[in-house]
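Only one structure is covered here, and it is reproduced in the block below.
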Amino acid sequence: TQLLEQSPQFLSIQEGENLTVYCNSSSVFSSLQWYRQEPGEGPVLLVTVVTGGEVKKLKRLTFQFGDARKDSSLHITAAQPGDTGLYLCAGANWGAQKLVFGQGTRLTINP
Amino acid sequence: SQTIHQWPATLVQPVGSPLSLECTVEGTSNPNLYWYRQAAGRGLQLLFYSVGIGQISSEVPQNLSASRPQDRQFILSSKKLLLSDSGFYLCAWSAGLEQYFGPGTRLTVT
């Protein structure tokens, strides 16, 4: 069974600080996605990375896919209260119809 | 553009009562459809997925069932709810790598 482990599980920091969230596995994935979920709502897709070593930027968010396609990281620069939420990573396998989700990182940005 | 709807948004049901949650997708054809359950503030547990009308794959043995009577309609059901069925139920659709989620249904079994 493939697993994705996210760390940390909880993170609370002050506005303006930088942070990194990790998503690790012992398995190789064809692609990896990051979602953000706010309380009482469905997850919203932020990015998909498909190439080993790929880096994608979305404003203050930087996503990286590991060279071996087994891990990913999400770095937020100058965090803002609006970044608060549950961040989920999800891995896809070639030809599979379903995703493997990590357990999430609960991020709180304090003003 | 594609949209996904879930209803009801919230539901409070007594133990032993039946359940029917509905999910519909607009703006796409032959999507893959998924039902997830989420415990408070945690990750997603895949319950069922469907790659076509009448085709249902079950991921977790339980007292829930799913049906896909139409291409863009996915229904989650139970004949008798348990306390442990409480949670946040999410429907999602996919046409490729990414999945797109509905707004969810908060189910409380009392």
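The analysis underlying the following values was restricted to heavy atoms, covering all of them including side chains, and did not include hydrogens, waters or symmetry mates. No experiment lies behind these values; they were computed from the predicted model shown. Here is how names work: the chains are called A, B, and so on, in the same order as the sequence lines, proteins then strands, and each is numbered from 1.
Shown here is A:Glu5, whose CD atom has no more than 12 heavy atoms of other residues, nucleotides or ligands within 6.0 Å.
The CZ atom of A:Phe101 lies 4.5 Å from the OH atom of B:Tyr36; values are rounded to the nearest 0.5 Å. Rounding to the nearest 0.5 Å places CD of A:Glu41 at 8.0 Å from CZ of B:Phe88. With rounding to the nearest 0.5 angstrom, the OG1 atom of A:Thr48 is 3.5 Å from the CD atom of B:Glu98.
Both the backbone and the side chain of A:Leu99 come within contact range of chain B, with heavy atoms under 4.5 Å apart. If you measure heavy-atom distances from A:Gln37 to chain B, the contacts under 4.5 Å come from the side chain alone. Only the side chain of B:Gln38 comes within less than 4.5 Å of a heavy atom of chain A; its backbone N, CA, C and O stay farther away. For B:Leu97, the parts lying near chain A are the backbone and the side chain together; criterion is any non-hydrogen pair under 4.5 Å. Proximity to chain B (any heavy atom under 4.5 Å) is restricted, for A:Val50, to the side chain, taken from C-beta onward.
When all heavy atoms are compared, the tightest approach of A:Pro43 to B:Leu44 is CG-CD1, 4.3 Å. Across every non-hydrogen atom of A:Gln97 and B:Tyr49, the tightest pair is CB-CE1, 3.8 Å. Contact between B:Gln99 and A:Gln33 at its shortest, heavy atoms only, is N-OE1, 3.9 Å.
With respect to chain B, the highest number of heavy-atom pairs below 4.5 Å among A:Ala96, A:Gly40, A:Gly102, A:Ala90 belongs to A:Gly40.
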